[in-house]
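Reminder, nothing fancy here: chain letters follow the sequence lines and each chain counts from 1. Keep in mind that the numbers below use all heavy atoms, side chains included, and drop hydrogens, waters and symmetry copies.
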Amino acid sequence: MRYPFKEIEPSWQKKWADQNLYRSVADPSKPKYYVLDMFPYPSGDGLHIGHPEGYTATDIVSRYKRMCRYSVLHPIGFDAFGLPTERQAMVENIHPRSITERNIATFTRQLKSFGFDYDWSRSVNTTDPSYLRWTQWMFLQIYNSWYDPEMDKARHIDTLPIPKSIVSQHEIDEYIDSHRLAYLDHIPVNWCEQLGTVLANEEVDEWIEKGYTVERRPMRQWMLRITAYAERLLTDLNGLDWPAMTIEMQRNWIGKSDGSEIQFRVVSEYEEHEDMAASPRTHEQTITIFTTRPDTIFGATYLVLAPENELVDVITTPEYHDRVEIYRQVTTKKSDLERTELTKQKTGVFTGAFAINPATNERIPIWIADYVLAHYGTGAIMAVPGHDQRDFEFASTFSLSIVTVVAPFTEILEGSPDGRTAATAAFQPPTKAFVDDGINVNSANNMVSLNGLHTIDSKRVISEWLEERGFGRRAIQYKLRDWLFSRQRYWGEPIPIMFFDDGSKRALDDDELPLLLPDVADFKPAGTGESALATVTEWVDFIDKKTGKHARLETNTMPQWAGSCWYYLRYCDPQNNNEFCSKEAEQYWMGDSGIDLYIGGAEHAVLHLIYARFWHKVLFDRGYVSTSEPVRRLFHQGLILAEGKKMSKSLGNVINPDDMIDTFGADAIRLYEMFLGPLEASKPWSTQGIEGMPRFLDRVWRLVLESPLDDVECPRELDRVLHETISKTRADIESLSMNTAIAQFMIFVNVFTSSDIRPRKAIEQFLQCLAPFAPHITEELWMRLGHSTSIHLSAFPEADPTKLIKDEVQIVLQVNSKIRGKVMLSPDADEQTMEHAAMKDEGVMRHLDGKTIRKTIVVRGKLVNFIAS
RNA sequence: GCUUGGAUGGCGGAACUGGUAGACGCACGGGACUUAAAAUCCCGUGUUCCGUAAGGGACGUGCGGGUUCGAUUCCCGCUCCAAGCACCA
């Protein structure tokens with residue numbers, strides 16, 4: 001007797017859909033549970049076998065929570081704007097909308113064939129006008145916000161105080177624009193000629209790998225001021241139930257550094273440092289540097305500016321001008337990637353200028369080098385070659401002086417206590433910089449001394465001194481940069497801003513949204529660095545009805561991340577035409593904890609999750625959502641590998657889920673993917689290994705149907721297995737250990753199959769345990785057992801703890817910690833009983849023979865160990 | 001280089017707060033049923049040594065140490081693998 005999955009699975013899928021069985025309802029009388037899958041991009045290849053792994057896990061949790069009487073929200077939708085679709089459209093010469101529709105249809109069919117319990121009435125599609133309208137609205141909320149540092153939150157732009165000194169409307173507009181959380185900037189970006197678009201830094205590698213070239217080019221771009229949220233994005237990581245790795249990656253990405261900004265006065269080449277106090281300062285110029293090691297300032301022997309630093313023009317002396325210019329030209333042509341690739345060989349040129357080290361009062365040269373990044377800190381550093389490896393390499397290359405001002409603790413301990421010997425010892429030509437904490441040496445002037453101080457104390461002392469003398473102040477820097485938000489693509493959300501001939505601009509009002517893409521036949525990039533939209537004159541160029549002025553629309557569109565920044569909110573109220581989501585729906589589904597469980601790949605650990613957190617915080621500040629964080633619990637499923645490698649089209653090792661369902665059935669695939677191993681681990685797919693699953697389901701089928709079930713009391717031993725199964729299923733679903741729950745199901749089936757009686761109640765409860773994992777077969781069997789309502793709406797069974805207790809447990813008997821026997825005893829047998837029983841054991845007696853017991857260790861319910869000699 | 005994980009039979013993996021290592025499955029071997037095969041069911045399966053056998057012993061969770069009566073589990077030091085970051089001063 002075999003389980004006829006081919007008939008049963010599609011037929012239940014249809015019935016469930018007809019009955020709206022999985023419709024989510026915000027029922028205030030019940031607790032809610034929001035379980036979310038990461039937003040799929042409907043690619044032309046359809047689902048691969050890795051997709052259903054995470055989806056099955058959320059499906060199990062969702063079904064389980066429903067049976068535990070939660071109101072469950074488990075939605076799905078499509079992140080459908082994006083470059084691959086646009087490119088496919090060009091290849092096939094049909095509209096991206098058609099490609100999108102086609103791909104979504106395939107994804108939907110495949111997802112449905114797995115029997116997932118999505119509420120399809122809540123499905124969203126980012127390219128849908130009713131969705132993109134709200135993406136544009138979200139953008140405008142960001143655009144119309146500024147970050148108030150005093151209240152530490154974003155507020156409406158109308159609340160921005162305008163300084164009295166600003167009077168003209170033009171200046172006021174500029175001032176406001178410079179404070180918006182969405183702003184225009186002219187910055188060097190990664191331009192890809194073949195794609196006709198800029199790429200985000202994080203997208204560059206991917207396209208270079210595919211053989212495209214990417215160059216740096218300054219362009220006018222929309223930016224989102226995510227840096228305003230750096231500190232909150234960092235500190236709010238603390239309360240999250242997220243994988244440690246992901247939290248660490250986000251911390252790293254934000255990259256907070258605690259240090260000092262220090263000013264170095266620039267002196268002319270001929271100015272002698274002795275008379276620096278007396279010399280007339282005609283053009284006082286200072287360079288501000290950022291450092292996390294102010295304690296090493298006595299070892300700062302030169303300064304380095306980033307080639308892009310504006311001060312380079314000001315300070316470079318005439319005779320060095322040409323060399324500096326050539327160097328700057330070369331470096332600006334390099335991409336970030338190329339600049340970092342040349343890790344070993346440091347390059348740079350001298351500017352001819354000098355600065356005064358405020359600690360030593362010495363004159364030190366100012367160089368430019370591309371190992372200093374323009375966009376981090378102040379774009380300038382004090383170089384301490386003795387205690388920074390990069391500075392050391394640079395100084396070695398250009399024969400700049402290297403001074404040791406920190407000695408390792410060990411040298412101090414071995415040398416004289418005041419550190420003098422250590423200092424001398426450290427002057428041996430070093431081969432690399434000493435970058436760890438230590439004890440300061442050679443670090444004194446006539447006002448302050450750090451000698452003998454621990455790095456931690458030195459930092460404090462020198463910072464205070466620098467601050468007192470007006471040379472510097474404590475400062476915090478972040479690696480996080482503002483988010484480049486525009487793309488020169490057709491297939492994305494248009495940015496709802498128009499520009500007038502006088503240079504002013506106007507954001508579209510709510511009643512003018514959505515701003516739809518023009519329906520054009522040719523959506524190839526304009527070839528001018530603008531998107532295809534620039535060529536659609538009747539769309540771009542028009543007379544604005546509200547002002548009567550001639551206007552030109554923004555031709556950039558939003559990046560693909562935009563739609564995925566807030567989709568989880570739309571799911572709460574997807575049909576709403578007046579708001580992105582009603583307050584009630586948001587409060588119900590997102591209330592206090594946000595998304596209760598979010599499962600998706602680790603590849604989104606940083607970008608998607610940091611962008612979405614940022615948008616969410618803006619919405620929170622502006623009063624649109626009730627939590628400061630969107631996702632309480634996050635989980636990354638592992639990859640499913642084929643032949644030890646990631647599945648990919650190019651390797652030709654992709655397993656098609658349609659074939660698998662056709663051969664083995666959806667329930668078997670679901671179970672197999674869960675049984676392979678821990679959800680978070682990468683696991684190899686084996687089409688051979690899957691065989692065990694249809695076999696198991698056949699055994700379930702036979703257990704229920706082969707012989708009539710008995711309406712009898714369940715024997716104690718079987719009852720224990722049942723209650724262990726219930727208890728284990730509950731615990732394992734909560735901890736997402738699906739693999740061990742399934743092992744327990746197998747144990748249940750093995751035990752009950754070999755039993756003479758088939759207690760109906762126990763077998764029904766088992767089916768309820770299995771239902772979240774294998775929804776089709778359990779539903780069919782449930783109905784065949786005479787039920788008239790779905791198993792998936794039944795109440796999940798409760799484990800009775802009294803039934804989990806065993807009559808007898810096996811006690812391990814050891815002599816000198818080696819197992820010499822076993823004995824069955826009541827679990828609450830006392831120490832004496834256990835010891836006596838152990839003494840009588842044959843194996844124990846044999847090994848104790850001729851020996852004296854020195855010590856006896858008894859662990860109740862576990863073991864007896866005789867230490868003898 | 002840095003960060004975070006990981007390493008257990010032929011394979012995927014299990015093992016609670018230190019207490020029977022190898023649950024469950026795959027594969028393999030043997031048997032039953034069958035004219036035969038498939039399917040199904042039963043038994044066996046870490047390595048090795050002694051014994052004709054029943055049985056008994058030794059070793060065994062990447063490597064080397066340590067703590068402990070006892071370590072896959074805790075501590076120290078390595079090796080290898082995976083993922084991410086990588087001139088962020």
Side-chain angles (χ1 to χ4, degrees), chain A residues 1-2 243-249 251-253 255-257 259-260 289-294 296 300 304 306 336 339-344 346 369-373 375-384 387-391 393-394 435 477-481 602-603 605-606 636 638-639 641 671-672 675-678 680-686 688-693 695-696 698-699 702 731 737 739-747 749-750 753-754 809-819 821-822 843 846-847 854-859 861-868:
Chain A
M1 190 156 47
R2 306 218 52 185
M245 173 192 75
T246 304
I247 290 188
E248 201 48 42
M249 281 167 67
R251 278 210 185 104
N252 243 305
W253 189 260
K256 182 178 179 174
S257 296
S260 298
I289 61 94
F290 173 74
T291 181
T292 54
R293 292 296 301 274
T296 62
V304 189
D336 270 2
R339 276 173 68 159
T340 53
E341 246 178 331
L342 308 162
T343 329
K344 291 282 159 274
K346 293 271 184 291
D370 67 358
Y371 81 93
V372 173
L373 306 172
H375 52 71
Y376 183 77
T378 58
I381 62 157
M382 67 174 197
V384 186
H387 305 287
D388 181 286
Q389 189 55 30
R390 298 152 299 184
D391 298 341
E393 285 163 20
F394 190 81
V435 298
Q477 285 293 338
Y478 300 92
K479 279 201 270 184
L480 186 70
R481 289 203 260 164
E603 66 272 21
V606 177
H636 299 305
L639 289 175
L641 310 168
L671 280 170
Y672 181 64
F675 187 63
L676 267 175
E680 67 275 20
S682 287
K683 299 155 292 244
W685 177 269
S686 150
Q688 190 184 341
I690 198 174
E691 304 277 358
M693 281 309 159
R695 211 174 287 168
F696 165 69
D698 285 338
R699 283 165 64 78
R702 284 197 304 271
S737 312
N739 52 332
T740 49
I742 294 168
Q744 182 63 32
F745 298 153
M746 291 171 171
I747 291 171
V749 170
N750 290 347
T753 298
S754 53
V809 288
Q810 196 171 47
I811 304 296
V812 175
L813 309 176
Q814 299 181 328
V815 177
N816 289 332
S817 304
K818 298 208 171 190
I819 294 157
K822 285 160 192 174
R846 192 170 56 237
H847 285 89
R854 307 284 176 195
K855 193 177 171 187
T856 307
I857 293 147
V858 182
V859 181
K862 291 254 164 76
L863 90 161
V864 180
N865 186 6
F866 297 107
I867 310 303

Scan [X] against the nucleic acid and name what it touches under 4.0 Å (heavy atoms): base, sugar-phosphate only, or nothing.
{"X": "A:Arg251", "answer": "nothing"}
{"X": "A:Pro243", "answer": "nothing"}
{"X": "A:Ile381", "answer": "base"}
{"X": "A:Gln810", "answer": "base"}

List in chain and number order the residues that pass side chain to side chain contact (heavy atoms under 4.5 Å, CB included) with A:Ser260, two or more places apart in sequence or in another chain; answer none if no residue qualifies.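 A:Ser260 satisfies side chain to side chain contact (heavy atoms under 4.5 Å, CB included) with A:Ile262, A:Pro294, A:Ser463 once adjacent residues are dropped.
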
Under the side chain to side chain contact (heavy atoms under 4.5 Å, CB included) test, which residues partner A:Lys818, sequence neighbours left out?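 Per chain and number, A:Lys818 pairs via side chain to side chain contact (heavy atoms under 4.5 Å, CB included) with A:Arg820.
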
What's the separation between atom CG in A:Leu639 and atom CD in A:Glu603, rounded to the nearest 0.5 Å?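 A:Leu639 atom CG to A:Glu603 atom CD measures 7.5 Å (nearest 0.5 Å).
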
Output for pair (A:Ile867 CD1, A:Arg854 CZ), nearest 0.5 Å, gives 11.5 Å

Which base, if any, makes a Watson-Crick or G-U wobble pair with [N], both distances under 3.5 Å?
{"N": "B:G25", "value": "B:C11"}
{"N": "B:U17", "value": "none"}
{"N": "B:A37", "value": "none"}
{"N": "B:C85", "value": "B:G1"}
{"N": "B:C80", "value": "B:G6"}
{"N": "B:A54", "value": "none"}
{"N": "B:U61", "value": "none"}
{"N": "B:A71", "value": "none"}

How many Å lie between [atom1] on [X] and [atom2] on [N], as a whole number?
{"X": "A:His375", "N": "B:A89", "atom1": "NE2", "atom2": "P", "result": "12 Å"}
{"X": "A:Asn252", "N": "B:A86", "atom1": "CG", "atom2": "P", "result": "9 Å"}
{"X": "A:Ile247", "N": "B:G5", "atom1": "CD1", "atom2": "P", "result": "12 Å"}
{"X": "A:Leu373", "N": "B:A89", "atom1": "CG", "atom2": "P", "result": "10 Å"}
{"X": "A:Met249", "N": "B:G5", "atom1": "CE", "atom2": "C1'", "result": "12 Å"}
{"X": "A:Lys479", "N": "B:A89", "atom1": "NZ", "atom2": "C1'", "result": "12 Å"}
{"X": "A:Glu393", "N": "B:A86", "atom1": "CD", "atom2": "P", "result": "18 Å"}
{"X": "A:Trp685", "N": "B:G12", "atom1": "CH2", "atom2": "C1'", "result": "13 Å"}

Backbone N or O of [Y] within a donor-acceptor pair of the [X] side chain at under 3.5 Å?
{"X": "A:Arg699", "Y": "A:Met746", "answer": "no"}
{"X": "A:Lys683", "Y": "A:Pro678", "answer": "yes"}
{"X": "A:Asp698", "Y": "A:Arg2", "answer": "no"}

Run the side chain to side chain donor-acceptor pair (under 3.5 Å) test against A:Ser682 and tell me which residues pass, sequence neighbours left out. none

Nearest-Å distance once atom [atom1] is located in both [N] and [M]:
{"N": "B:C80", "M": "B:U48", "atom1": "P", "value": "30 Å"}
{"N": "B:A71", "M": "B:G64", "atom1": "C1'", "value": "16 Å"}
{"N": "B:G22", "M": "B:U61", "atom1": "P", "value": "14 Å"}
{"N": "B:A36", "M": "B:A23", "atom1": "P", "value": "34 Å"}
{"N": "B:C42", "M": "B:C24", "atom1": "P", "value": "13 Å"}
{"N": "B:C75", "M": "B:A21", "atom1": "P", "value": "22 Å"}
{"N": "B:G18", "M": "B:G70", "atom1": "C1'", "value": "8 Å"}
{"N": "B:U3", "M": "B:A15", "atom1": "C1'", "value": "29 Å"}

Scan nucleotides 21-31 of chain B against the protein and return all N/O pairs shorter than 3.5 Å with their distances rounded to 0.1 Å.
{"unit_1": "B:G25", "atom_1": "OP1", "unit_2": "A:Asn750", "atom_2": "ND2", "d": "3.1"}
{"unit_1": "B:C26", "atom_1": "OP1", "unit_2": "A:Arg695", "atom_2": "NH1", "d": "2.7"}

For A:Tyr672, ring pair (Phe, Tyr, Trp, His ring centres under 6.0 Å) partners two or more places apart: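 In terms of ring pair (Phe, Tyr, Trp, His ring centres under 6.0 Å), with neighbours along the sequence ignored, A:Tyr672 is linked to A:Trp685.
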
Quick one: ring pair (Phe, Tyr, Trp, His ring centres under 6.0 Å) partners of A:Phe394, sequence neighbours excluded? A:Tyr302, A:Trp367, A:Tyr371, A:Phe398

Is [X] near enough to [N] that one of its side-chain N or O atoms lies under 4.0 angstrom from OP1 or OP2?
{"X": "A:Lys855", "N": "B:C69", "answer": "yes"}
{"X": "A:Lys818", "N": "B:C59", "answer": "yes"}
{"X": "A:Tyr371", "N": "B:A89", "answer": "no"}
{"X": "A:Arg702", "N": "B:C41", "answer": "yes"}
{"X": "A:His636", "N": "B:G5", "answer": "no"}

Picking from [options], which would you name as closest to the side chain of [X]?
{"X": "A:Thr292", "options": "B:C69, B:A89, B:G13", "result": "B:A89"}
{"X": "A:Ile857", "options": "B:U20, B:A89, B:G19", "result": "B:G19"}
{"X": "A:Pro678", "options": "B:A14, B:C69, B:A89", "result": "B:A14"}

Taking side chain as C-beta onward, heavy atoms only, is A:Met693 less than 4.5 Å from A:Ile742?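 Yes; the side chains approach each other to less than 4.5 Å.
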
Quick check on B:G84: syn or anti? Syn means the glycosidic torsion is within 90 degrees of zero.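 That one's anti.
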
Specify the residue among A:Lys256 and A:Ser754 whose closest nucleotide of RNA chain B lies further upstream toward the 5′ end.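 Its nearest nucleotide being more 5', the pick is A:Ser754.
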
Can a donor-acceptor pair under 3.5 Å be found between the side-chain atoms of A:Glu248 and the base atoms of B:U4? no

